[in-house]
Amino acid sequence: MSSGIKALVYIVSFFIPVVGIILGIVWMNDQDLEKKAIGKTCLIVGIVSIVLSCICWFAASALSIGPAFLSGY
């Protein structure tokens, strides 16, 4: 697999984590060692993307209610 296609798959896995997780699961069960490695990376990137999204969402919601909570309103 060319490096351009790998980069595209990793980018898609980050911005659309469900695709990365599905590709990771499918390609990790392949016999080709290169596809297994790419599948593992896609799975990791998809999971990391979901975790980062949750962290950013919690941080943004905490910052938006933080000052109002501290001021007593």
Side-chain angles (χ1 to χ4, degrees):
M1 193 175 284
S2 71
S3 60
I5 293 176
K6 287 182 197 177
L8 179 65
V9 169
Y10 296 151
I11 291 168
V12 169
S13 296
F14 184 78
F15 287 109
I16 308 172
V18 174
V19 173
I21 291 171
I22 292 171
L23 276 176
I25 291 170
V26 170
W27 283 358
M28 282 180 66
N29 293 323
D30 199 296
Q31 296 298 323
D32 185 14
L33 292 178
E34 183 183 15
K35 272 192 175 180
K36 279 188 175 194
I38 295 169
K40 183 178 179 181
T41 305
C42 286
L43 186 62
I44 292 170
V45 168
I47 292 170
V48 166
S49 177
I50 291 173
V51 170
L52 284 176
S53 297
C54 290
I55 290 171
C56 289
W57 185 79
F58 284 124
S61 63
L63 289 175
S64 67
I65 63 172
F69 176 72
L70 294 174
S71 66
Y73 291 110

Exercise answer: donor-acceptor pairs, residues 46-56 side-chain atoms, under 3.5 Å, sequence neighbours excluded:
{"unit_1": "S49", "atom_1": "OG", "unit_2": "F14", "atom_2": "O", "d": "2.5"}
{"unit_1": "S53", "atom_1": "OG", "unit_2": "S49", "atom_2": "O", "d": "2.9"}

Nearest heavy atoms of G20 and S13, plus distance in Å: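 Distance-wise, the nearest heavy atoms are CA-OG, 3.3 Å.
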Of all heavy-atom pairs linking M28 and K40, the shortest is CG-N, 3.6 Å
Taking I44 as the starting point, is it possible to reach I11 by hopping between hydrophobic residues whose side chains are less than 4.5 Å apart?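 Yes, I11 connects to I44 through the hydrophobic network.
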Following the transitive rule for hydrophobic clusters with a side-chain heavy-atom cut-off under 4.5 Å over Ile, Leu, Val, Met, Phe, Trp and Tyr, establish whether I21 and F15 coincide in one cluster.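 No, I21 does not connect to F15 through the hydrophobic network.
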Sequence-distant partners of K6, side chain to side chain contact (heavy atoms under 4.5 Å, CB included), two or more places apart: M1, Y10, E34, I38
Among all residues two or more places apart in sequence or in another chain, which pass the side chain to side chain contact (heavy atoms under 4.5 Å, CB included) test with V26?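 Side chain to side chain contact (heavy atoms under 4.5 Å, CB included) check on V26 returns I22.
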When rounded to the nearest 0.5 angstrom, what is the spacing between CG in D32 and CH2 in W27?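 Result: 10.0 Å between the selected atoms.
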Atom pair NZ/CG of K35 and L23 - distance to nearest 0.5 Å: 10.0 Å
